[in-house]
Student: 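Dumping the structure here so I can ask a few things about it.
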Amino acid sequence: MNRTILIVEDEPAIAENIRFALETEGFATRWHALGAAVLPLLASEPIDLVVLDVGLPDINGFELCKAIRRQYPVPVIFLTARSDEIDRVVGLEIGADDYMVKPFSPRELAARVRAVLRRSQPSIDTSVPPGQAGFRVDASRRQIAFYGQPLVLSRIEYEMLALMISRPGRVFSRESLMARVWDQPEMSTDRTVDAHIKNLRKKLKAVRPDLDPIETFRGVGYALKAEQCGSV
């Protein structure tokens, strides 16, 4: 069955170019010009990835991505006319899996879609212990629960957290995390890693405000606190 990509873009010419590139690569596509249609569609149809324009006429794409992330684990790639690093960091911090600045090559976007979907398949070592620091990892479904509460994670957030769960106490440098998790690590920065860690901490604290399982080693990287490891 072909993977279905939802394109949320208010400029018909851009949307048509994206649809052509994706369908040429064998994907099925759906297109909506307004963000209001996205959540109802995700609730009613199987969508494998969302290509989301930040500058929609009815809702800010960043806000829509937050709403998607609260309910669905579907990967999101942002399209935007903004090239500032802060905008890219904000987009990744709220859960986007990739970020493309207009103008862009539709063929490159199709390649990024394929890469994100490929990385969304189970790839973390399936020998991850079932319970570490209150975590449960279901590698086959790419889901992580924290003290019984399923976490809604982006693809990158899942990969980072599962990696740290598999090696509690080990310090992963930012460069190591980028090399292991990102499709194009050379396109990421230390701030990008920090943004994802900040987002993970926020989601973990929403479940257990009294705990902070991720430890920062200033100037080095991050680790899952070994002393907090235990059964769920």
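Note that the coordinates shown come from a computational prediction; the quantities given were computed from them, not determined experimentally.
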Student: Ignoring hydrogens and angles, tell me if any N or O in the side chain of S176 forms a donor-acceptor pair with the backbone of F172 under 3.5 Å.
Tutor: no
Student: Between L49 and V76, is there a side-chain heavy-atom distance shorter than 4.5 Å?
Tutor: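 Sidechains of L49 and V76: no contact.
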Student: Atom CE in M164, atom CG in L177: separation rounded to 0.5 Å?
Tutor: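 Spacing of CE (M164) from CG (L177) equals 6.5 Å.
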Student: Once you round to the nearest 0.5 Å, how far does NZ of K198 lie from CD1 of I214?
Tutor: 13.5 Å
Student: For F135 and F146, run ring pair (Phe, Tyr, Trp, His ring centres under 6.0 Å): C-alpha distance rounded to whole Å, both residues' side-chain angles, the deciding distance at 0.1 Å, then the answer.
Tutor: CA-CA 5 Å; F135 293 99; F146 186 49; 4.6 Å; yes
Student: Donor-acceptor check, side chain of R69 to backbone of V74, threshold 3.5 angstrom: yes or no?
Tutor: yes
Student: Looking at side-chain heavy atoms only, is the closest gap between F104 and I14 below 4.5 Å?
Tutor: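 They are in contact (side-chain heavy atoms under 4.5 Å apart), so the answer is yes.
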Student: Measure across H32 and A37 and return the closest heavy-atom pair with its distance rounded to 0.1 Å.
Tutor: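 Answer, listing the atom of H32 first, then A37: ND1-CB, 3.6 Å.
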Student: Could you report the tightest heavy-atom contact between L22 and A110, atom names first, then the distance?
Tutor: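 Minimum heavy-atom contact is CD2-CA, 3.8 Å.
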Student: With a cut-off of 6.0 Å (strictly less than), are more than 12 heavy atoms of other residues, nucleotides or ligands near CZ of F217?
Tutor: yes
Student: Treating D58 as the side-chain partner and A36 as the backbone partner, does any N or O pair qualify as donor plus acceptor under 3.5 Å?
Tutor: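 Between the backbone of A36 and the side chain of D58 there is a qualifying donor-acceptor contact (under 3.5 Å).
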Student: Could you tell me which non-hydrogen atom of V171 sits nearest to which non-hydrogen atom of A223, and how far apart they are?
Tutor: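 Taking every non-hydrogen atom into account, CA-CB, 3.8 Å.
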Student: Which heavy atom of Y72 sits nearest to which heavy atom of A43, and what is that distance?
Tutor: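 Residues Y72 and A43, closest heavy atoms: OH-CB, 3.3 Å.
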Student: Between K203 and E157, is there a side-chain N and carboxylate O pair less than 4.0 Å apart?
Tutor: yes
Student: Could you go through V54 and L79, starting from their C-alpha distance and side-chain angles, then the distance that decides it, and tell me whether this counts as side chain to side chain contact (heavy atoms under 4.5 Å, CB included)?
Tutor: CA-CA 6 Å; V54 173; L79 302 179; over 6 Å; no
Student: Would a 4.5 Å heavy-atom cut-off, applied to side chains only, mark L39 and Q71 as touching?
Tutor: yes
Student: In terms of side-chain geometry, is the basic nitrogen of R114 or D98 positioned less than 4.0 Å from the acidic oxygen of its partner?
Tutor: no
Student: Could you report the tightest heavy-atom contact between P168 and S166, atom names first, then the distance?
Tutor: CD-C, 3.6 Å
Student: Apply ring pair (Phe, Tyr, Trp, His ring centres under 6.0 Å) to the pair F78 and F62, showing each step before the final yes or no.
Tutor: CA-CA 9 Å; F78 273 134; F62 290 151; 5.2 Å; yes
Student: Which is it for T4 and R30 under the side chain to side chain contact (heavy atoms under 4.5 Å, CB included) test, yes or no, and what are the steps along the way?
Tutor: CA-CA 7 Å; T4 301; R30 295 292 306 274; 4.1 Å; yes
Student: Can you name the closest pair of heavy atoms from V38 and L34 and give their distance?
Tutor: CG2-O, 4.3 Å
Student: Apply the test side chain to side chain contact (heavy atoms under 4.5 Å, CB included) to residues T29 and L6: give CA-CA distance (whole Å), side-chain angles for both, the deciding distance (0.1 Å), then the verdict.
Tutor: CA-CA 6 Å; T29 63; L6 172 60; over 6 Å; no
Student: Is the count of non-hydrogen atoms from other residues, nucleotides or ligands lying under 6.0 Å from R208 atom CZ greater than 12?
Tutor: yes
Student: Measure the spacing between CD1 of I47 and CD1 of I7 and express it to the nearest 0.5 Å.
Tutor: 10.0 Å
Student: Among all residues two or more places apart in sequence or in another chain, which pass the side-chain hydrogen bond (donor to acceptor under 3.5 Å, both in side chains) test with R201?
Tutor: D212, T216
Student: Before you tell me yes or no, could you show the steps for R142 and E159 under salt bridge (Lys or Arg N to Asp or Glu O under 4.0 Å), namely the whole-Å CA-CA distance, both residues' side-chain angles and the distance that decides it to 0.1 Å?
Tutor: CA-CA 9 Å; R142 296 183 62 81; E159 298 276 4; 2.9 Å; yes
Student: Please round to the nearest 0.5 Å and tell me the distance separating atom CD of E23 and atom CD1 of I5.
Tutor: 10.5 Å
Student: With the threshold set at 4.0 Å, does a side-chain nitrogen-carboxylate oxygen contact exist between D210 and K205?
Tutor: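 K205 and D210: not salt-bridged.
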Student: Decide, yes or no, whether a salt bridge links D53 with K102 under the criterion of side-chain N to carboxylate O below 4.0 Å.
Tutor: yes
Student: Could you tell me whether the side chain of W31 and the main chain of E9 form a donor-acceptor pair under 3.5 Å?
Tutor: yes
Student: Let me know which of I156, V181, L161 forms a side-chain contact (heavy atoms from CB on, under 4.5 Å) with H196.
Tutor: I156
Student: For a 4.5 angstrom cut-off between non-hydrogen side-chain atoms, does L52 reach I77?
Tutor: no
Student: With the side chain counted from C-beta on, respond yes when D194 and R174 share a heavy-atom pair under 4.5 Å apart, and no when they do not.
Tutor: yes
Student: First locate atom CZ of R19, then atom OG1 of T24, and finally report the distance between them rounded to the nearest 0.5 Å.
Tutor: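 One finds 12.0 Å between CZ of R19 and OG1 of T24.
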Student: Hey, what do you get for CZ (R136) to CG (L151), rounding to the nearest 0.5 Å?
Tutor: 13.5 Å
Student: Keeping D48 on the side-chain end and R3 on the backbone end, is there a donor-acceptor pair under 3.5 Å?
Tutor: no
